[in-house]
Amino acid sequence: MSLGNIFDIAGSGMTAQSLRLNTTASNIANAETASSSTENAYRARKPVFAAIQQAMLNPDQEQSFGTSLNEGPGAGVRVEGILESDAELQMRYEPNHPAANEDGYVFYPNVNVVEEMADMMSSSRSFQMNVDVMNTAKSMMQRILTLGQQ
């Protein structure tokens, strides 16, 4: 792996974690959104990631160490999609609520705020680790350039 690939790998990780942060923020922002039906209620969203294999980026590159196309070294992360949770919605009896249905029930999202905060901290730290990887690689490249000057 070349030093230049490190920037691509860390950049894809930063993009993935940024999307994870955005979906988590959206879930937290809609945690108390009331609805009169299950069809209109907000449902928690989670991104799904997959590893990008090095062989997929460079199909002409010869495989080394006996690795097959699917077992090559990793080359980053891609977003496969964003899934909506199928967990039960919260149904509360609030007959005076403006969004209550004819039976007096209001539907609230299936968002667990504590779990979302843990996801937010995890994705924030993962993003920071990718920034640190990029800074370290940049520092190494600068040191390599100064070797020839002495």
Side-chain angles (χ1 to χ4, degrees), residues 1-92 94 97 99 106-150:
M1 176 188 311
S2 72
L3 218 51
N5 288 349
I6 293 173
F7 293 107
D8 293 335
I9 294 169
S12 71
M14 290 169 64
T15 301
Q17 294 305 326
S18 179
L19 178 74
R20 186 173 166 206
L21 275 169
N22 286 337
T23 56
T24 301
S26 176
N27 288 342
I28 292 172
N30 289 296
E32 290 298 319
T33 305
S35 178
S36 59
S37 68
T38 57
E39 294 83 29
N40 297 332
Y42 180 85
R43 296 182 185 277
R45 293 173 172 87
K46 298 286 182 189
V48 177
F49 304 129
I52 301 172
Q53 298 301 319
Q54 182 70 32
M56 292 176 70
L57 291 178
N58 301 315
D60 298 332
Q61 186 178 33
E62 183 179 316
Q63 294 294 310
S64 58
F65 305 109
T67 58
S68 69
L69 190 66
N70 293 328
E71 297 173 351
V77 179
R78 76 168 172 258
V79 178
E80 290 286 312
I82 299 176
L83 299 178
E84 283 189 351
S85 173
D86 58 354
E88 285 288 320
L89 297 172
Q90 299 175 28
M91 191 170 81
R92 300 180 196 160
E94 297 176 0
H97 194 284
V106 179
F107 296 93
Y108 287 93
N110 54 0
V111 175
N112 182 342
V113 177
V114 174
E115 181 182 313
E116 296 298 328
M117 289 301 295
D119 278 352
M120 185 176 282
M121 290 188 317
S122 172
S123 59
S124 176
R125 289 185 182 176
S126 294
F127 187 92
Q128 184 60 45
M129 288 298 116
N130 282 304
V131 169
D132 290 345
V133 165
M134 289 182 104
N135 286 335
T136 302
K138 181 179 115 182
S139 173
M140 290 172 68
M141 289 179 90
Q142 288 173 336
R143 283 187 170 171
I144 289 171
L145 291 174
T146 60
L147 285 176
Q149 295 177 356
Q150 298 174 357

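What you see below is based on every heavy atom in this structure, not just the backbone, and it leaves out hydrogens, waters and symmetry mates.
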Is there a side-chain contact (heavy atoms from CB on, under 4.5 Å) between Tyr42 and Asn27? Walk through the geometry before answering. CA-CA 9 Å; Tyr42 180 85; Asn27 288 342; 2.7 Å; yes
Ile28: partners by side chain to side chain contact (heavy atoms under 4.5 Å, CB included), with sequence neighbours left out: Thr24, Glu116, Met117, Met120
With sequence neighbours left out, the residues meeting side-chain hydrogen bond (donor to acceptor under 3.5 Å, both in side chains) with Thr33 are Asn30
side-chain hydrogen bond (donor to acceptor under 3.5 Å, both in side chains) partners for Thr38, two or more places apart: none
Residues two or more places apart in sequence or in another chain: which of them pass side-chain hydrogen bond (donor to acceptor under 3.5 Å, both in side chains) with Tyr108? Glu94
For a quick test of reading the model, state the closest non-hydrogen atom pair linking Ala34 to Ala99 and the distance between them. CB-CB, 4.3 Å
With Ala87, which residues qualify under side chain to side chain contact (heavy atoms under 4.5 Å, CB included), at least two apart? Ser85, Asn110
Is there any salt bridge (charged side-chain N to carboxylate O under 4.0 Å, His left out) pair reaching into residues 127-144, and which pairs are they, with sequence neighbours excluded? none
Can you list the residues that meet the side-chain hydrogen bond (donor to acceptor under 3.5 Å, both in side chains) rule with Asp119, with sequence neighbours excluded? Lys46
Only pairs at least two apart or in different chains count here, so list each side chain to side chain donor-acceptor pair (under 3.5 Å) that has a residue in residues 11-20. Gln17-Arg20, Arg20-Ser122
Does anything in residues 27-42 pair up under salt bridge (charged side-chain N to carboxylate O under 4.0 Å, His left out), and if so which pairs, sequence neighbours excluded? Glu32-Arg92
Please list, chain by chain and in numerical order, all residues satisfying side chain to side chain contact (heavy atoms under 4.5 Å, CB included) with Asn112, sequence neighbours excluded. Val114, Glu115
Partner residues of Arg125 under the salt bridge (Lys or Arg N to Asp or Glu O under 4.0 Å) criterion, sequence neighbours left out: none
My understanding is that only residues two or more places apart in sequence, or in another chain, count here; which of them pass salt bridge (Lys or Arg N to Asp or Glu O under 4.0 Å) with Glu80? Arg78
CG (Leu83) and OG1 (Thr23) are apart, to the nearest 0.5 Å, by 10.5 Å
